[in-house]
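These numbers come from a predicted model, not from an experiment. Just so it is clear: chains get the letters A, B, ... in the order the sequence lines come, proteins before strands, and each one is counted from 1.
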There are 2 protein chains.
Amino acid sequence: MADGPYHHGNLRAALLERAEVILTTSGAEGLTLRGLARELGVSHAAPARHFRDRQTLLDALAVSGFTTLNARLASAAGGGGGGPVGARLAALGRTYVDFAVEHTALLELMFAVKHADDSSDELRERGHESLLIVARLMEEGQQTGAVRPGEPVQLAQVAFSTVHGLATLAVASLLDDTPLAEATELALEILLAGLRPGA
Amino acid sequence: MADGPYHHGNLRAALLERAEVILTTSGAEGLTLRGLARELGVSHAAPARHFRDRQTLLDALAVSGFTTLNARLASAAGGGGGGPVGARLAALGRTYVDFAVEHTALLELMFAVKHADDSSDELRERGHESLLIVARLMEEGQQTGAVRPGEPVQLAQVAFSTVHGLATLAVASLLDDTPLAEATELALEILLAGLRPGA
DNA sequence: ACCTGAACACCGTTCAAGT
DNA sequence: ACCTGAACACCGTTCAAGT
C-alpha cells in the first residue's frame with residue numbers, strides 16, 4: 001500500500017469509499033471533488049478520470065446505497081420463506097426505517113430528483129428491485145389470505161410509501177415525543193390492518 | 001416602480017419572490033445568491049443585508065412553503081366541518097399529494113435535514129401545524145366512530161407518512177405505469193381501512 | 001492508461017467605504 | 001439604513017502536457 005506517484009489504479013474505489021464517509025458525516029453539501037482529491041492525495045483533476053462530474057459520483061453512491069438496502073430487505077423478507085407473511089412484512093418495514101435513519105443523506109440521494117442522465121436508469125431499476133421484494137411478499141400474502149386482492153406492485157408501493165414517509169418525518173424531527181420505534185409499530189399495524197382482505 | 005440606485009426597500013421580498021421562481025424551475029442547486037442579485041440588478045453583496053447566508057434564504061422559502069401548504073390543508077379539511085370524516089381525510093391526502101408533486105423542490109427544502117439554527121424552530125413548528133390539522137380530523141373521526149382509538153397526533157403521523165412517502169415515490173419515478181391518482185386512491189383506501197376501529 | 005498543473009468561470013461571505 | 005466594490009477562499013470542469 002506504499003504511495004506511488006499515482007493512486008495505483010484503485011482511485012475510483014478509494015473515491016467512492018471516502019465519499020460515503022463524508023456523506024454520512026457531513027452530508028451531500030459537504031462532499032466536494034476537490035476536497036476528496038485532497039484527502040486522497042491526488043490532484044484536483046484526478047477524480048474526473050473516474051467520474052464525469054460530481055453528479056455522476058453522487059449517483060454512484062446512490063446506486064450502491066440501493067444495493068445495500070436491497071440486500072438487507074431481501075434478507076429481512078426471509079430468504080427461505082418461513083413465518084407468517086404479516087410478520088415478515090413488518091420486519092421488512094422495520095429494516096427499511098432502520099436503514100433510512102441510519103443513512104439519512106444517502107437516502108436523500110437515492111430519492112433525489114436530479115440525476116445524471118446515464119445513472120437515472122440504473123437508479124430507477126434498483127428502486128424497482130426494492131419494490132419487487134415487497135411485492136413478492138404481498139403476492140404470497142394474497143395466497144395465504146393475509147393480504148387483500150389487487151396488483152401486488154401497487155400494494156407494495158403503498159407499503160413502501162408508509163415506511164419511507166415515516167422515516168422522513170423522523171429525520172425532520174416531526175415525531176416529537178413519539179419514539180420512532182413506537183411510531184413504526186403503529187404505522188405497520190395500521191398498514192397491515194388496511195391490507196387485510198375485506199378491510 | 002422606477003429603478004433608483006437602491007432597490008427601494010423591498011429587496012427582501014423581491015429576493016424571496018424570485019428565489020421561489022428559480023427553485024421551481026431549476027431546483028435548489030440552481031439557486032445562487034449571486035445569480036439572484038444579478039437578476040434583480042443589485043450588487044452581489046446586497047442579499048447579505050436581508051439573509052445572513054444562503055441557508056437562511058432557503059429556510060425562509062421552506063417556511064413560506066409550509067404556510068401555503070397549511071392553508072391548503074386547512075381548507076381541504078373543511079373549515080366549517082361538514083361531511084363525513086373519512087371523505088375529508090381523503091381530501092386532505094389528495095391535497096397533500098397535489099402540493100407535493102407541484103412543488104417538488106420546495107418540499108425537499110421543507111423536509112431537509114440541514115437548516116440554519118435560527119430557522120429550525122419555526123420550520124418544525126410549521127410542520128407541527130400540518131400534523132395538527134390532520135390530528136384534529138382524527139379526533140373528530142374517533143368521536144363519529146370512523147377512526148380507531150389512540151393518540152390523534154400519532155395517527156396523524158401515520159397518515160402524513162403515507163401521503164408524503166407516496167409523493168416521494170412519484171417524483172422519483174418509481175410508480176411506473178400506476179397513475180399517481182390511482183396510487184393515491186389505493187393508498188388512501190388502505191390507510192382509512194387500517195384506521196377504522198377494530199381493523 | 002492515468003494523472004498533473006494551469007486556467008476559466010463560477011460560487012458564498014466579509015468588510016471597508018460610499019449615499 | 002441600505003447598498004457597492006474589492007477581496008478572500010473556495011468550488012466544478014476542461015485540457016494541454018507529462019510519465
Interatomic distance, [X] [atom1] vs [N] [atom2] [rounded to whole Å]:
X	N	atom1	atom2	answer
Glu29(B)	dC10(C)	CD	P	18 Å
Asp53(B)	dC10(D)	CG	P	17 Å
Phe51(A)	dG12(D)	CZ	P	14 Å
Leu36(B)	dC10(C)	CG	C1'	16 Å
Leu57(A)	dC11(D)	CG	C1'	15 Å
Leu40(B)	dC3(D)	CG	P	11 Å

Looking at [X], I'd like to know whether one of its side-chain N or O atoms comes within less than 4.0 Å of OP1 or OP2 on [N].
X	N	result
His50(A)	dC3(C)	yes
Thr32(B)	dC11(C)	yes
Arg38(B)	dC11(C)	yes

query = Who is the Watson-Crick or G-U wobble partner of dA1(D), with both distances under 3.5 Å?
reply =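 Its partner is dT19(C).
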
ask   = What is the pairing partner of dA9(C), taking Watson-Crick or G-U wobble pairs with both distances under 3.5 Å in any strand?
value =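 Its partner is none (no Watson-Crick or G-U wobble pair with both distances under 3.5 Å).
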
Carboxylate-amine/guanidinium proximity below 4.0 Å for [X] and [Y]:
X	Y	result
Arg126(B)	Glu122(B)	yes
Lys114(A)	Glu108(B)	no
Asp98(B)	Arg72(B)	no

ask   = If you look at every strand shown and take non-hydrogen atoms under 4.0 Å, does Arg54(B) touch a base, only sugar-phosphate, or nothing?
value =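 Touches sugar-phosphate only.
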
task = May I ask you to say what Arg34(A) touches in the nucleic acid, namely base, sugar-phosphate or nothing, with a heavy-atom cut-off under 4.0 Å?
result =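 Base contact - Arg34(A) has a heavy atom under 4.0 Å of at least one base atom.
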
Counting side-chain heavy atoms from C-beta on, which of [options] comes nearest to [X]?
X	options	answer
His44(A)	dT13(C), dA6(C), dC3(D)	dA6(C)
Leu11(A)	dT14(C), dT4(C), dC3(C)	dC3(C)
Ser43(A)	dC3(C), dC3(D), dT14(D)	dC3(C)

key: Test side chain to side chain contact (heavy atoms under 4.5 Å, CB included) applied to Val163(B) and Leu191(B), Leu188(B), Thr184(B), the passing residue   =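 For Val163(B), the side chain to side chain contact (heavy atoms under 4.5 Å, CB included) test succeeds with only one of Leu191(B), Leu188(B), Thr184(B), which is Leu188(B).
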
Upstream residue (5' side of DNA chain C) when Arg49(A) and Leu33(B) are each assigned their closest nucleotide =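 Residue closer to the 5' terminus by nearest nucleotide: Arg49(A).
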
task = Taking the side chain as every heavy atom from C-beta outward, state whether Gln154(B) and Glu182(A) have any pair of such atoms under 4.5 Å apart.
result =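 Touching, per the 4.5 Å side-chain cut-off.
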
